[in-house]
2 protein chains.
Amino acid sequence: MELTRRNFKDSLSTVYSAIEEADFLAIDGEFSGISDGPNVSALTNGLDTPEERYTKLKKHSMDFLLFQFGLCTFKYDQAKSKYITKPFNFYIFPKPFNRTSPDIKFICQSSSIDFLASQGFDFNKVFCNGIPYLNQDEEAQLREQMEERRNQHANGVGTPSFISPSSKGPAHVPEEHKDFINKVIEKVEALFTNAEKTLDLEPCTGFQRKLIYQTLNWKFPKGLHVETVETEKKERFIQISRVDDEERKRREQQKVEREQEELSDAVGFSRVIHAISKSNKLVVGHNMLLDVMHTIHQFYCPLPEDLQDFKEVTMCVFPRLLDTKLMASTQPFKELISNTSLAELEKQLKEGPFKSPLVETAEGFVSYDTAQEQLHEAGYDAYITGLCFVSMANYLGSFLTPPKPYISARSKLIEPFFNKLFLMRIIDIPYLNITGPDLQPKRDHVLYVTFPKEWKTSDIYQLFSAFGNIQVSWIDDTSAFVSLSQTDQVQIAMNTSRYAESYRIQTYAEYIQGKHQDKDKVVQTPKTWGEDSWKKSHYTPSTTSAGFGYSRGLRKRSISPVPGDEGTGDSLITDGWSNYSYPDSTGSKKMKTDASSDQANTDAVESKTSEGWLKTADSSDTAGLSPVPDEDEATEDTDQARDVDGTVTWQQAPSTMHGRKGQKNKKKQTEAAESTTSLFEVPEVW
Amino acid sequence: MELTRRNFKDSLSTVYSAIEEADFLAIDGEFSGISDGPNVSALTNGLDTPEERYTKLKKHSMDFLLFQFGLCTFKYDQAKSKYITKPFNFYIFPKPFNRTSPDIKFICQSSSIDFLASQGFDFNKVFCNGIPYLNQDEEAQLREQMEERRNQHANGVGTPSFISPSSKGPAHVPEEHKDFINKVIEKVEALFTNAEKTLDLEPCTGFQRKLIYQTLNWKFPKGLHVETVETEKKERFIQISRVDDEERKRREQQKVEREQEELSDAVGFSRVIHAISKSNKLVVGHNMLLDVMHTIHQFYCPLPEDLQDFKEVTMCVFPRLLDTKLMASTQPFKELISNTSLAELEKQLKEGPFKSPLVETAEGFVSYDTAQEQLHEAGYDAYITGLCFVSMANYLGSFLTPPKPYISARSKLIEPFFNKLFLMRIIDIPYLNITGPDLQPKRDHVLYVTFPKEWKTSDIYQLFSAFGNIQVSWIDDTSAFVSLSQTDQVQIAMNTSRYAESYRIQTYAEYIQGKHQDKDKVVQTPKTWGEDSWKKSHYTPSTTSAGFGYSRGLRKRSISPVPGDEGTGDSLITDGWSNYSYPDSTGSKKMKTDASSDQANTDAVESKTSEGWLKTADSSDTAGLSPVPDEDEATEDTDQARDVDGTVTWQQAPSTMHGRKGQKNKKKQTEAAESTTSLFEVPEVW
């Protein structure tokens with residue numbers, strides 16, 4: 001179902017009930033761009049910490065507009081043994097609704113816009129008919145303004161009119177407008193004597209309108225209702241009505257009601273997010289970190305500075321999340337799925353050992369045909385994300401004794417994947433853990449190297465030529481991480497670097513320590529993270545809408561495992577298979593907080609042989625670990641479509657807001673040569 | 001004629017010849033926004049200096065995209081005694097053309113986008129089929145890259161391939177890709193034995209493509225041409241061709257030619273600006289400062305820091321400009337035209353004493369109908385701007401003895417209007433003088449007041465309540481200019497303020513001096529401005545295209561007055577009327593540089609009775625001078641449409657990039673009340 005400003009209000013109840021009845025929801029967003037930095041390396045480094053990644057995404061991605069939101073609800077029909085889906089595709093645009101409403105500015109990235117254009121995206125629908133929205137603060141402010149104005153009326157200020165020191169007397173009418181104003185007065189005087197009740201003046205300038213208000217307010221303090229009306233062509237004219245006191249009150253009342261409705265219209269799409277939030281339903285997305293960040297930023301509140309605060313806000317807006325890219329990158333799927341981009345994943349999950357899920361589009365909804373790919377329409381992407389989730393969840397059922405063909409969204413089997421959002425292209429931290437501390441992998445084979453800005457990747461390779469395979473992750477023009485293949489080489493590198501003048505080497509530990517010292521200078525109270533500290537949200541977004549800010553109790557409930565309809569069977573056979581075991585059988589419910597268990601997790605990730613479920617691998621990471629010098633080239637994959645992955649190829653592009661940095665470009669250019677002979681290729685962004 | 005990426009190349013010769021044959025050109029641009037500041041007061045203050053205004057526009061307007069460019073050429077047909085017009089409406093979009101091309105990010109302002117949407121603007125045409133462009137630097141860089149690559153080939157690097165330390169040996173193929181690569185090798189070996197000359201591989205990931213390049217380069221160093229080809233669906237696959245040396249060379253040559261053409265395509269719309277520039281034709285626009293700035297910024301070079309440098313670049317790109325808004329605001333038109341917004345001007349110029357110009361759309365062009373307004377389509381706006389110019393120019397002919405019904409674009413009569421661009425809402429400086437020093441009006445009745453940020457307009461009025469009518473121009477939260485009605489009050493105000501603690505008053509002269517001192521600290525060599533210093537351009541934009549950078553001689557010629565076809569008559573009767581005289585009979589050709597003559601001009605502007613041609617008045621200015629306290633309210637006019645004028649009403653909107661400053665809003669809100677009773681009104685932007 002396509003939703004624009006035209007049909008939004010009438011369709012809202014359909015959306016609400018679809019959410020209410022659903023077993024789970026799938027979402028997807030389309031944005032006007034991905035990174036406003038000079039290049040994507042500014043956005044992703046293979047050795048980012050979760051805090052660094054969050055800060056970068058917040059800084060470089062949030063000024064883009066989420067202008068299409070896909071929601072697909074999935075409700076399991078026991079009788080039919082299939083899911084009934086209701087796909088919604090919302091077009092979103094922050095149309096200013098009055099002159100005091102925020103006039104949002106957003107950035108568009110040409111490559112992203114061009115990519116969407118090539119996919120048949122309808123920009124006219126967004127810009128002409130997009131559904132407006134307000135975040136919590138804006139809604140509160142507007143409500144306050146309205147009430148203030150109403151109080152003014154109640155206090156006898158009467159019909160709003162221009163109030164100024166000079167308006168106590170007759171308005172000062174400049175010479176050139178006197179004729180005009182006198183004619184208006186004549187017409188109004190006629191209004192009192194003739195049969196007409198209403199007089200429409202010709203459209204005129206704002207200044208002239210102001211003069212009219214001033215003059216009429218002074219000359220006819222009672223018996224008139226003066227209003228500015230806007231034509232469809234946005235021309236404004238003044239409408240003057242002859243009214244008695246009762247009529248005047250009735251009109252005021254009408255106005256209040258109109259304002260209430262207009263406020264509600266202005267909150268617009270945010271109401272859908274409120275409903276999702278209130279529903280406590282599992283929300284599934286593919287590579288959904290940016291979707292979640294944008295959704296919160298645009299419809300709830302500006303993103304907090306701190307990652308921990310972001311996690312708490314996220315739990316408030318989306319109490320249960322599941323990222324299908326993370327799921328597909330994790331055991332037991334990781335071994336079976338070579339490409340985790342949404343389109344490829346969907347294809348692979350149709351083939352053995354997986355089964356295409358049985359789904360049916362609800363009556364009255366146009367069904368998507370996966371054979372006829374409509375990728376990058378948010379509604380379609382949400383739909384196939386849901387399909388992927390169902391396929392993978394059901395596959396887990398095959399490990400049960402006896403095997404179960406259908407696994408509910410409430411099953412304990414999928415709990416390990418809750419609230420872990422895929423982290424793009426971080427070598428050793430597969431996900432952002434929304435409901436607990438993040439993994440802290442050992443990085444003692446990693447060096448932090450600083451050097452003159454003239455250095456190229458080849459200079460770094462030369463410097464470390466004695467050490468065999470290394471991996472270079474550029475940080476900026478003058479620094480990079482160098483991962484050695486063996487940890488015991490670190491000391492050798494440190495020793496030889498002592499005599500160096502042009503470059504400097506630090507261990508990763510030293511680098512992090514230095515960073516923390518810098519951060520502490522900017523005032524940071526270290527946080528203690530208790531067993532269940534996620535419950536004590538200390539980040540308090542302004543909660544003015546009934547839709548948000550439900551009680552902590554509710555939130556807590558939403559995170560607690562809900563026993564599946566048929567889940568009783570599930571929990572009994574958790575150990576029914578060999579290769580698939582949870583390091584923490586309580587799933588995400590309880591946080592491990594002691595260092596040793598964190599370490600255990602980390603080891604599982606790092607170990608090349610471990611089959612722990614935390615072990616994930618992105619195809620691009622695999623590439624990155626191969627002995628290929630230029631990371632830019634190596635990490636290119638076909639994830640270009642939905643995932644930011646693809647933007648890595650664009651890392652070479654030296655673009656800035658307007659213009660570019662020739663130098664850096666040139667050096668990469670010369671060295672990396674081209675892996676294709678075509679000069680004119682579109683950067684793989686999105 | 002509508003021009004998009006689809007028909008641009010084929011239509012370019014039509015555009016070129018229309019420009020070549022024209023008597024004058026009219027232009028107009030549509031942008032994705034106007035101001036990225038929190039509000040428009042950041043952009044316009046009634047007492048800005050030209051330098052300040054330029055700096056503000058540059059800072060707050062240039063990150064928007066000029067995405068529609070209107071050009072209408074006017075050629076006078078002697079036989080028919082009418083102008084033949086050729087209107088062009090170009091859709092512009094910086095589609096990235098390869099992975100090293102700049103990925104432009106631009107800002108959209110919701111109110112502007114919404115306004116254009118309401119006017120039926122076709123965003124899909126812009127984003128899907130917009131014509132690309134490059135500025136001078138980008139073009140030069142791309143050319144350089146191409147040549148570098150070509151040299152690499154010439155030096156025997158051969159078919160571009162991935163070059164890395166490890167590629168000297170066989171490529172390292174990760175285990176999981178070995179099967180894939182082996183199959184490719186088999187296929188290629190088959191290619192050498194069978195009849196086929198070309199082999200298309202299946203689409204695969206970038207990493208796989210890289211492996212293929214590496215492997216084939218090592219295994220089959222000769223006899224193969226390997227190329228990545230992109231399908232319409234943006235899928236990339238590898239095409240392998242069996243070639244002998246000759247065929248290989250032929251292909252290389254083809255590639256060079258293709259690259260040349262692609263470069264030319266990438267320069268795209270900038271070629272039209274080059275052509276306009278080279279033509280030396282008079283370029284007419286309405287309120288065209290932003291159009292000129294955007295055009296230069298987007299298609300020529302990033303705008304220079306300094307206003308003087310901007311003037312010189314402008315003369316290089318547009319050797320002769322005429323602003324119809326400035327013309328309409330100047331004697332003898334000022335007295336006859338009450339509203340100078342484009343739409344209103346066009347209407348008024350159809351009625352007496354003016355005459356609708358006789359025009360005819362050239363064969364093969366769709367004609368615009370002014371009755372059926374298509375305002376804010378750039379091509380239409382350019383068209384009616386041209387009509388306005390013709391009407392006004394011809395009206396000047398009525399003052400001649402004998403009166404002439406047709407005045408050429410080359411007539412001396414219009415020279416006084418050359419290269420003076422309308423300055424929006426500056427009280428006492430009507431225009432930016434591109435070919436000379438700007439007016440420096442006396443501002444000795446103006447005070448610079450600083451105060452606590454809690455102050456509202458009413459506090460300032462109260463402070464100056466003893467002085468009668470004053471005018472307040474807010475600068476920021478804590479400062480404003482206050483114009484007194486009488487200069488001799490300045491000293492009184494200064495005296496009383498001596499004991500003030502909460503506020504501080506400086507004379508305008510002191511304020512300017514302070515500013516200059518600040519500026520000098522930032523290193524500024526004072527410029528001497530000689531009699532004809534505009535000829536000695538010291539701002540040298542990189543001139544890499546043949547289209548630009550023509551010799552100084554040419555530029556000089558373009559500014560010198562060109563005798564009109566029938567202009568001999570004109571110059572004889574320059575003084576043929578009473579109310580319309582040039583203070584400088586040589587028009588803009590020679591600059592007045594001595595202070596006294598500047599002062600004379602300024603006096604003409606300031607004097608309320610002077611009928612000098614420099615005396616201009618914008619309706620909003622008049623309003624601003626009336627004794628109305630809140631400038632915001634006072635300056636509203638119907639210029640909302642094309643002109644930035646309208647944005648003043650939006651000054652109250654406290655929007656920032658995302659969110660808003662409640663406080664400031666609230667104070668304005670309460671105090672200014674509303675001049676309309678409608679809550680939901682769209683800000684008058686554009």
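Everything quoted here is computed from the prediction, not taken from an experiment. In what follows, chains carry the letters A, B, and so on, assigned in the order in which the sequence lines appear, proteins first and then strands, with residues in each chain numbered from 1.
For B:F123, the ring-ring contact (aromatic ring centres under 6.0 Å, His included) partners two or more places apart in sequence, or in a different chain, are A:F127, B:F121. The side-chain hydrogen bond (donor to acceptor under 3.5 Å, both in side chains) search around B:Q462 returns none, not counting sequence neighbours.
Atom CG of B:D114 and atom CG of A:D103 lie 9.5 Å apart (nearest 0.5 Å). Separating the CZ atom in B:F64 from the SG atom in A:C108 is a distance of 11.0 Å, to the nearest 0.5 Å. Put simply, CG on B:N124 and CG on A:N124 are 4.0 Å apart, with the number rounded to the nearest 0.5 Å. Rounded to the nearest 0.5 angstrom, B:N339 CG and A:C204 SG are separated by 10.5 Å.
With respect to the salt-bridge test (charged N to carboxylate O, under 4.0 angstrom), the residues A:D36 and B:K105 do not qualify.
Checking side-chain atoms of B:S110 against main-chain N and O of A:I104 turns up a donor-acceptor pair under 3.5 Å.
Contact count versus chain A (heavy atoms, under 4.5 Å) is highest, among B:G130, B:C128, B:S465, for B:C128.
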